[in-house]
J.: 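First the structure, then my questions, so here it is.
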Amino acid sequence: QVQLVESGGGLVQAGGSLRLSCAASGRTSSMYNMAWYRQVPGKEREFVAAISWSGVTTDYADSVKGRFTISRDNGKNSMYLQMISLKPEDTAVYYCAAGGRIGVRESSSFTYWGRGTQVFVSS
């Protein structure tokens, strides 16, 4: 199995920046495609961005394209989400996921999940 732990969430003003991290451990963790999702109370989990195991291929939701950058460092078994120009509508719990396929955005595509980290953007 793969274990995932998110960190880096917090409270920022609109227009600010945050960098989320996901630390992965376990069997062949560096070989999994990975993704970020987010969720607010009363809504379904929403796709944010995905990255292939090699880091070559990425996929972004239209709502974050141009503002968020997904990356990974397989030597450190870590994945990152750099967020700039944050908006109040970005407020959510952000989850790290592994095991899915790039281009398949349904959350059911991913096998492993972290517990999430809270991002709150004030207006």
J.: For residues S107 and F47, determine if any side-chain heavy atom of one lies less than 4.5 Å from a side-chain heavy atom of the other.
T.: no

J.: Please report the closest heavy-atom contact between L11 and S122, naming both atoms and the distance.
T.: CD2-OG, 4.5 Å

J.: Find out if a path of hydrophobic residues (ILVMFWY) with successive side-chain heavy-atom gaps under 4.5 Å connects V119 to Y37.
T.: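 Different clusters: V119 never reaches Y37 through Ile, Leu, Val, Met, Phe, Trp or Tyr contacts under 4.5 Å.
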
J.: Any side-chain heavy atom of F68 within less than 4.5 Å of one from L86?
T.: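 Heavy-atom side-chain distance check passes, below 4.5 Å.
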
J.: Working to the nearest 0.5 angstrom, can you tell me the gap between T69 OG1 and L81 CG?
T.: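 Answer rounded to 0.5 Å: 8.0 Å.
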
J.: Quick one about Y94 and R38 (side-chain donor to acceptor, distance below 3.5 Å, no hydrogens or angles considered), yes or no?
T.: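 Result is yes, a qualifying pair exists.
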
J.: Taking all non-hydrogen atoms of both residues, which atom of R105 and which atom of A61 are closest, and how far apart?
T.: NH1-CA, 4.2 Å

J.: Check D62 with K65, please: is the shortest side-chain N to carboxylate O separation under 4.0 Å?
T.: yes

J.: For the side chain of D90 and the backbone of V121, is there at least one donor-acceptor N/O pair under 3.5 Å apart?
T.: no

J.: Just say parallel, tilted or perpendicular for the rings of W113 and Y95, cut-offs at 30° and 60°.
T.: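 Answer is perpendicular, since the angle exceeds 60°.
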
J.: Got I102 and V104 here, is their nearest side-chain heavy-atom distance under 4.5 Å?
T.: no

J.: I'd like to check S21 versus S7 (side-chain heavy atoms, cut-off strictly below 4.5 Å). Are they in contact?
T.: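 They are in contact (side-chain heavy atoms under 4.5 Å apart), so the answer is yes.
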
J.: A side-chain contact here means heavy atoms from C-beta on lying under 4.5 Å apart; do M34 and R72 qualify?
T.: yes

J.: Please tell me if the side chains of Y80 and L20 come closer than 4.5 Å, counting only heavy atoms from C-beta onward.
T.: no

J.: Does S17 reach the main-chain N or O of I84 with its side chain, forming a donor-acceptor pair under 3.5 Å?
T.: no

J.: Side chains of S71 and M79, heavy atoms from C-beta outward: is any pair under 4.5 Å?
T.: no

J.: With heavy-atom distances below 4.5 Å as the criterion, would you say the side chains of Q13 and S123 are in contact?
T.: no

